[in-house]
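For reference, the structure is listed below as structure tokens.
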Amino acid sequence: MRTLLVVGIGPGNPEQVTIEAINALNRADALFIPQKGADKADLADLRREIVARYVTNPAARLVPFAMPVRDEATASYAARVADWHQAIAAIHARLIAEELGEDGTGAFLVWGDPSLYDSTLRILARVREAGAPPFSVTVIPGITSLQALTAAHAIPLNRVGEPVLVTTGRRLAEAPPDTDTVVMLDGKLAFKALDGEDYDIHWGAYLGTPDEILVSGRLSQVAEKIERRRAEARARHGWIMDTYLLRRRA
Ligand SMILES: C[S@@+](CC[C@H](N)C(=O)[O-])C[C@H]1O[C@@H](n2cnc3c(N)ncnc32)[C@H](O)[C@@H]1O
């Protein structure tokens, strides 16, 4: 039976790749590398750097594959994501059938950790349901961007005995949070709609990389600075990945 290793590679710092991940990558015959277009070439480069640095198994082949883009013309968000996952599933099914022998091992290099705002495991479940050749799945956990954020700011994630919500920019825009909240996937600066006097923010972009940017403070005092630095960095790199923790002030 084929084996698929879904390997968390951390959020951008090759030194945040675990020994378990390195050993897993060295067990694979094929290393599947998503290409996300020119803007995100840096991300594919980082995956390649990790392979170059840590994979010593001469039998391991790099197998780049083109990632489909979401069709923004589809009105419903859920339908847009479902169609996109279906398109990726078709590609994964082909990779599994064509790039792996019957007892072969393939590895997907997943940004951060596969459990957090990543659909590789959901997509592999679709591939299995669609009747692909049988395969087993092993997950290797990775450092998340959330951990990179709290480490970079040297702060604990939660306050004593308190919960933390992890959500997206889209969801944050729906209601101001009462609990401490980590926001990911926020392309629209959803924090701007909050009352900045009520929150502290710890924001980070390109966490763990040489381009890391950190800003923290009372939201009312730093929101504009974050917006400005985000726009400048995005223009310079052509893409940005940022995340932040909001703490409601007492
Ligand atoms: C599709 S999710 C993937 C999350 C990933 N699985 C993880 O464990 O961190 C992408 C989002 O993660 C966050 N992110 C990932 N890497 C980051 C980094 N190096 N710096 C800042 N935010 C990052 C951003 O909010 C980005 O929009």
Side-chain angles (χ1 to χ4, degrees), residues 5-18 20-21 32-37 39-47 49-50 67-70 77 80-82 84-85 88 107-124 137 139-155 157 164-173 177 180-192 201-216 226-227 229-234 236-246:
L5 306 171
V6 179
V7 183
I9 57 165
N13 179 350
E15 296 198 356
Q16 289 172 355
V17 178
T18 68
E20 189 182 15
F32 300 127
I33 309 274
Q35 311 284 328
K36 293 199 176 182
D39 283 0
K40 296 222 174 147
D42 294 7
L43 303 188
D45 286 352
L46 190 101
R47 286 183 168 91
E49 187 191 331
I50 285 171
M67 276 289 275
V69 286
R70 279 195 301 212
Y77 177 75
R80 199 153 67 226
V81 172
W84 184 51
H85 284 179
I88 302 173
F108 286 96
L109 281 69
V110 173
W111 201 258
D113 180 76
S115 71
L116 187 67
Y117 288 107
D118 184 273
S119 290
T120 307
L121 294 169
R122 268 183 286 274
I123 289 167
L124 289 177
V137 172
V139 177
I140 314 296
I143 303 271
T144 64
S145 52
L146 191 163
Q147 291 162 298
L149 177 76
T150 53
H153 283 286
I155 52 168
L157 174 61
V164 179
L165 174 71
V166 181
T167 190
T168 63
R170 225 168 57 86
R171 289 282 179 172
L172 183 73
D180 290 356
T181 299
V182 176
V183 184
M184 311 181 73
L185 293 162
D186 182 8
K188 295 192 175 159
L189 307 176
F191 60 76
K192 282 171 64 182
I201 186 168
H202 300 276
W203 176 84
Y206 313 103
L207 290 159
T209 77
D211 301 308
E212 180 174 279
I213 312 171
L214 301 174
V215 176
S216 63
I226 293 173
E227 188 171 7
R229 297 206 59 186
R230 192 181 188 281
E232 287 164 2
R234 188 163 189 228
R236 198 166 52 249
H237 294 275
W239 61 277
I240 190 161
M241 278 207 296
D242 59 338
T243 186
Y244 51 92
L245 171 65
L246 291 166

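The first residue of the sequence shown is numbered 1, and numbering continues consecutively from there. Remember, it's 1-based here, ligands and their atoms both numbered in the order they're listed. For the numbers below, each heavy atom of this structure counts, side chains included, while hydrogens, waters and symmetry mates do not.
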To the nearest 0.1 Å, how far is [atom] from its closest protein heavy atom, and which atom is that?
atom                    : answer
atom 12 (O) of ligand 1 : Met184 CE, 3.4 Å
atom 21 (C) of ligand 1 : Met241 O, 3.1 Å
atom 8 (O) of ligand 1  : Asp113 N, 2.8 Å
atom 5 (C) of ligand 1  : Trp111 O, 3.4 Å

Task: Residue Arg230 excluded, over 12 heavy atoms near CZ under 6.0 Å - done: yes

TODO: Tell me, yes or no, whether the heavy-atom count around Arg171 atom CZ, taken from other residues, nucleotides or ligands under 6.0 Å, exceeds 12.
DONE: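 No - once you tally the heavy atoms of other residues, nucleotides and ligands closer than 6.0 Å, there are 12 at most.
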
- [ ] Flag Leu207 as yes when one of its N or O atoms lies below 3.5 Å from any N or O atom of ligand 1, and as no otherwise.
- [x] yes

Task: Leu185 N/O under 3.5 Å from ligand 1 N/O - done: yes

Task: Minimum non-hydrogen distance to atom 6 (N) of ligand 1, winning option of Leu46, Leu116, Asn13, Asp186 - done: Leu116

Which atoms of ligand 1 have any heavy atom of [X] under 4.0 Å away?
X      : answer
Gly204 : 21 (C)
Thr144 : 8 (O), 9 (O)
Gly112 : 7 (C), 8 (O)
Pro11  : 16 (N), 18 (C), 19 (N)
Tyr117 : 1 (C), 2 (S), 3 (C)

Task: Donor-acceptor side-chain pairing of Asp118 and Trp111 below 3.5 angstrom - done: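 On atom types as modelled, these side chains do not qualify, holding no pair under 3.5 Å.
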
Open item on the list: With a cutoff of 4.0 Å, is Ser145 in contact with ligand 1, counting heavy atoms of the residue only?
Closed with: yes

Task: Name of the residue among Leu185, Val182, Val183 meeting side-chain contact (heavy atoms from CB on, under 4.5 Å) with Thr243 - done: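 Checked Leu185, Val182, Val183 against Thr243; only one passes side-chain contact (heavy atoms from CB on, under 4.5 Å): Val182.
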
Task: The single option from Thr168, Val166, Leu149, Thr144 passing side-chain contact (heavy atoms from CB on, under 4.5 Å) against Met184 - done: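 Filter result, single survivor: Val166.
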
Task: Proximity to ligand 1 by part of Asp242, non-hydrogen separation under 4.0 Å - done: backbone

Task: Phe108/Ile123 under side-chain contact (heavy atoms from CB on, under 4.5 Å): CA gap, chis, key distance, verdict - done: CA-CA 12 Å; Phe108 286 96; Ile123 289 167; over 6 Å; no

Roughly how far apart are [X] [atom1] and [Y] [atom2], rounded to 0.5 Å?
X      : Y      : atom1 : atom2 : value
Gln16  : Leu207 : CD    : CG    : 9.0 Å
Trp203 : Leu189 : CH2   : CG    : 9.0 Å
Asp113 : Gln147 : CG    : CD    : 7.5 Å

